[in-house]
Number of protein chains: 2
Amino acid sequence: MSQKLFVSAQEVAEKAGVSRSAVSRTFTSGASVSPKTRQKVLDAAEALGYHVNHLARGLMRNESGIVCLIVSEIGTPYRSALLRALTQQLQNSGKIAMLINTDRSDGSVDLALTQAIRYRADASIILSGLPDKSITDLCLKNGQRLVLINRDDDREGPLKINLDDVEAAARIATAFVRAGCRKLAFANSQAGTPSLMAREHGFVAAAKALGMDVMVERFGHTGYESGRVVAQQLLTRKERPDAVFCATDLLACGFMDAARHQFSLSVPDQICVAGFDDIEQASWTSYGLTTFAQPVDMIAREAVSWLVAETEPENHTVRLHADLVWRTSIRGG
Amino acid sequence: MSQKLFVSAQEVAEKAGVSRSAVSRTFTSGASVSPKTRQKVLDAAEALGYHVNHLARGLMRNESGIVCLIVSEIGTPYRSALLRALTQQLQNSGKIAMLINTDRSDGSVDLALTQAIRYRADASIILSGLPDKSITDLCLKNGQRLVLINRDDDREGPLKINLDDVEAAARIATAFVRAGCRKLAFANSQAGTPSLMAREHGFVAAAKALGMDVMVERFGHTGYESGRVVAQQLLTRKERPDAVFCATDLLACGFMDAARHQFSLSVPDQICVAGFDDIEQASWTSYGLTTFAQPVDMIAREAVSWLVAETEPENHTVRLHADLVWRTSIRGG
DNA sequence: GCAGCATTTGCACACGCTTGCAAAAAGCGG
DNA sequence: CCGCTTTTTGCAAGCGTGTGCAAATGCTGC
């Protein structure tokens, strides 16, 4: 193995004819170096191809610059959009993202957080699943910050970013009624995550307040295929719904496709559909889905600005607003 | 700041009544520790919440366990699917993924690779863009391995994974002809990446071999919207094509939507469409797109197994086959 | 040139870990 | 019980960096 090894500050120092501390200070912002030596160091570094070893720096400073993103279903439109926004923001703030995929088993969130601890990540952002209390405590005890996005947990310490799911559900219920719909339904997956359930319960409650019942159907994972299955279940009922609120856009897309191509229903004339997330596909002409936009950029900004704050801010929970994006899957407007 | 600091091997050693080396060896596979002390150490570690500091370990071993993924357009279906597969494989091999988003400017690939070097990543996988020769050399000189996916570069050193784009293009050309199409077109973006151009040139060449010309139209980025615009350009021509091969599925989806809803054309009766990537949406009922499947899992497996190989393998280029997934956007079959 | 001050520089230690080496302990056959 | 071999253990030297401290240097005004 010719493993030439990386060039170290020592070698740069020798080449530049200064002490090792000088080169260290050159690459430490806010350190005291004369412009002359600074230039000598920079030249030598350039010539040798020197790059500060962030592992060693992290070791010394006790601050690695790493932020762990703990995600499942990375391939999904909403998740990947959020991922994009988060990495962007992190990089803007001089942090770097470590990506942990928790698709495998459950409890893998704990495993992921363990990895985060091993690499001394400054913080972790959890986009899916919910870690064990013990692990959470371990993170916090070690000064590692934690962000939970759409997880709706009520423990103290982490920053919790959520949307106004129930209000959104209520808004869409009145929209349905205003469109003349009478037989409401809710399409959900069996994932049972807090935000999905909030939308469901919010919708049912709002409908009840308006004097109507809601047919609820749940199936499988939160994806396109499940939307089709739920359509099967809802549209073969004796009393067919004329408006369906789907817990996510993926479900809604599956639902619409089944409704149109399998049951030959026209959207929105015969049945109104709404979704949640505002994934890119919702805006595609084939769907034109009326839906609620997850403010991914805002979420990312909130999360990262909290992470990098010098002093730990007091407010540990943020509730963001999901805008209603009106397209063509509901009559009127 | 109550920054309790992480618990160190030293503290574990004291609590367990053994030397610091003992605890280190306990967490190093293949080291010599008696079962008795091993257990004492594990108990103490558990009690104190100890986790090996991978920064320090990486520093010593000169092997961080980090692999950098350099990606743009993370939110895109194909990219995020590949990302999912790669993180999965990396974790299976005991590595961890660092994610760098290069959406911002160009030249940011070089910046990304610099970050990779700073964190002493064992390897980098580049899914988009192409780094400077100088940076590439720097990586290789320092024993950092490099993988280029669908970048079609011809420099020595990195592993290059590509698909048989031109063969695929030829296959689809004959499929179009077999379906009775006479006026072929190719829809592309202006990105001009090697794989996109390979598909275009392969298609044009194959058509020529079959005795026909191809109308080529390019526009903007490689996304849904561009597909719509290209449809506009192609379908308003005097001689309207009756078969279109789109460089990616996203373009194809945009194209189909415009063709159907704006030009009231029926797919595949009046116009045949094919794509490339086999993103999830291609299988959605609204599209039923006939397309070529990127073997993302295979790509990930090839990349990672090459990265973790003890001895650097000799074969530095891999050409994988893209299966044709037949759906309903081409007549016959 | 010199006292007085601000700035720069080098030394040396610390960070948490791995690992070669030699000493200590354990096992074993007689 | 002893001499031998094998395993386990502790010591200490690193890995590449940041930083407090004291010495050295540069600068200013007389």
Side-chain angles (χ1 to χ4, degrees), chain A residues 3-42 44-45 48-66 117-122 142-144, chain B residues 3-42 44-45 48-66 117-122 142-144:
Chain A
Q3 199 79 332
K4 275 293 278 181
L5 265 165
F6 284 73
V7 25
S8 75
Q10 180 63 44
E11 310 177 42
V12 177
E14 281 163 17
K15 169 136 187 164
V18 298
S19 82
R20 201 187 49 72
S21 344
V23 16
S24 182
R25 283 191 246 262
T26 301
F27 293 102
T28 306
S29 66
S32 160
V33 209
S34 75
K36 202 174 53 187
T37 51
R38 175 187 189 77
Q39 193 53 51
K40 279 197 291 186
V41 169
L42 286 178
L48 294 175
Y50 169 75
H51 291 272
V52 178
N53 186 332
H54 272 48
L55 300 181
R57 169 175 282 184
L59 191 55
M60 264 305 296
R61 289 213 187 136
N62 213 39
E63 174 179 347
S64 60
I66 297 174
I117 291 180
R118 290 208 181 105
Y119 279 95
R120 299 303 190 258
D122 299 335
N142 295 3
Q144 183 164 143
Chain B
Q3 200 82 330
K4 275 295 279 182
L5 266 165
F6 284 73
V7 27
S8 75
Q10 178 63 44
E11 309 177 43
V12 176
E14 280 162 18
K15 169 135 187 164
V18 297
S19 81
R20 191 178 40 258
S21 348
V23 16
S24 183
R25 283 191 247 262
T26 301
F27 292 102
T28 306
S29 68
S32 161
V33 209
S34 75
K36 203 174 54 188
T37 51
R38 177 187 189 77
Q39 194 53 50
K40 278 196 294 187
V41 169
L42 287 178
L48 294 176
Y50 170 75
H51 292 273
V52 178
N53 185 331
H54 272 48
L55 300 180
R57 167 175 284 186
L59 192 54
M60 265 304 296
R61 291 215 185 135
N62 213 40
E63 175 180 346
S64 61
I66 298 174
I117 291 180
R118 290 208 182 104
Y119 279 97
R120 298 303 190 259
D122 299 335
N142 296 4
Q144 182 164 144

Task: Touch class at under 4.0 angstrom, heavy-atom based, for F27(B) against every strand present - done: nothing
Task: Validation row, ring centre F27(B) to ring centre Y50(B) under 6.0 Å - done: yes
Open item on the list: Checking S34(B) against T37(B): is there a side-chain donor and acceptor pair closer than 3.5 Å?
Closed with: yes
Task: Sugar-phosphate, base or nothing in reach of S32(B), heavy atoms under 4.0 Å - done: base
Task: Whole angstrom value for the distance that separates C1' of dG14(D) from CZ of R20(B) - done: 12 Å
- [ ] Please answer whether the main-chain N or O of F6(B) pairs with a side-chain N or O of N142(A) as donor and acceptor at a distance below 3.5 Å.
- [x] no
Task: Value in whole Å for how far the C1' atom of dG14(D) lies from CD of Q10(A) - done: 13 Å
Open item on the list: Measuring to OP1 and OP2 of dT17(D), would you say a side-chain N or O of Y50(A) lies under 4.0 angstrom away?
Closed with: yes
TODO: Could you check P35(A) against M60(A) and say which one's nearest nucleotide on DNA chain C is further toward the 5' end?
DONE: P35(A)
Open item on the list: What contact category does S34(A) fall into here, base, sugar-phosphate, or nothing, at under 4.0 angstrom with non-hydrogen atoms?
Closed with: sugar-phosphate
Task: Within-4.5 Å side-chain heavy-atom neighbours: V23(A) and K40(A) - done: no
TODO: Indicate, yes or no, whether a donor-acceptor pair under 3.5 Å links the base of dG16(C) to the side chain of R120(A).
DONE: no
Task: Whole angstrom value for the distance that separates C1' of dG10(C) from NZ of K40(A) - done: 13 Å
Open item on the list: Tell me the interatomic distance from H54(A), atom NE2, to dC15(C), atom C1', rounded to whole angstroms.
Closed with: 17 Å
TODO: Indicate, with a heavy-atom threshold strictly under 4.0 Å, whether S24(B) touches base, sugar-phosphate, or nothing.
DONE: base
Task: Gap between atoms CZ and P, on R25(A) and dC11(C) respectively (whole Å) - done: 11 Å
Task: Residue met sooner reading DNA chain D from 5', once R38(B) and A56(B) are mapped to nucleotides - done: R38(B)
- [ ] Rounded off to whole Å, could you give me the CZ-to-P distance for the R61(A) and dT17(D) pair?
- [x] 12 Å
- [ ] Provide, to the nearest angstrom, the distance between the CG atom belonging to N53(A) and the C1' atom belonging to dG16(C).
- [x] 14 Å
Task: Heavy-atom check, side chain of I66(A) versus side chain of R120(A), under 4.5 Å - done: no
Open item on the list: What is the distance, to the nearest angstrom, from the CZ atom on R118(A) to the P atom on dT18(C)?
Closed with: 12 Å
Task: Side-chain-base donor-acceptor pair under 3.5 Å for S21(A) and dC11(C) - done: yes
TODO: Examine dC15(C): is either OP1 or OP2 under 4.0 Å from a nitrogen or oxygen in the side chain of S8(B)? Give yes or no.
DONE: no
Open item on the list: From C-beta outward on L59(A), which listed nucleotide comes closest to its side chain: dG10(C), dG18(D), dC15(C)?
Closed with: dC15(C)
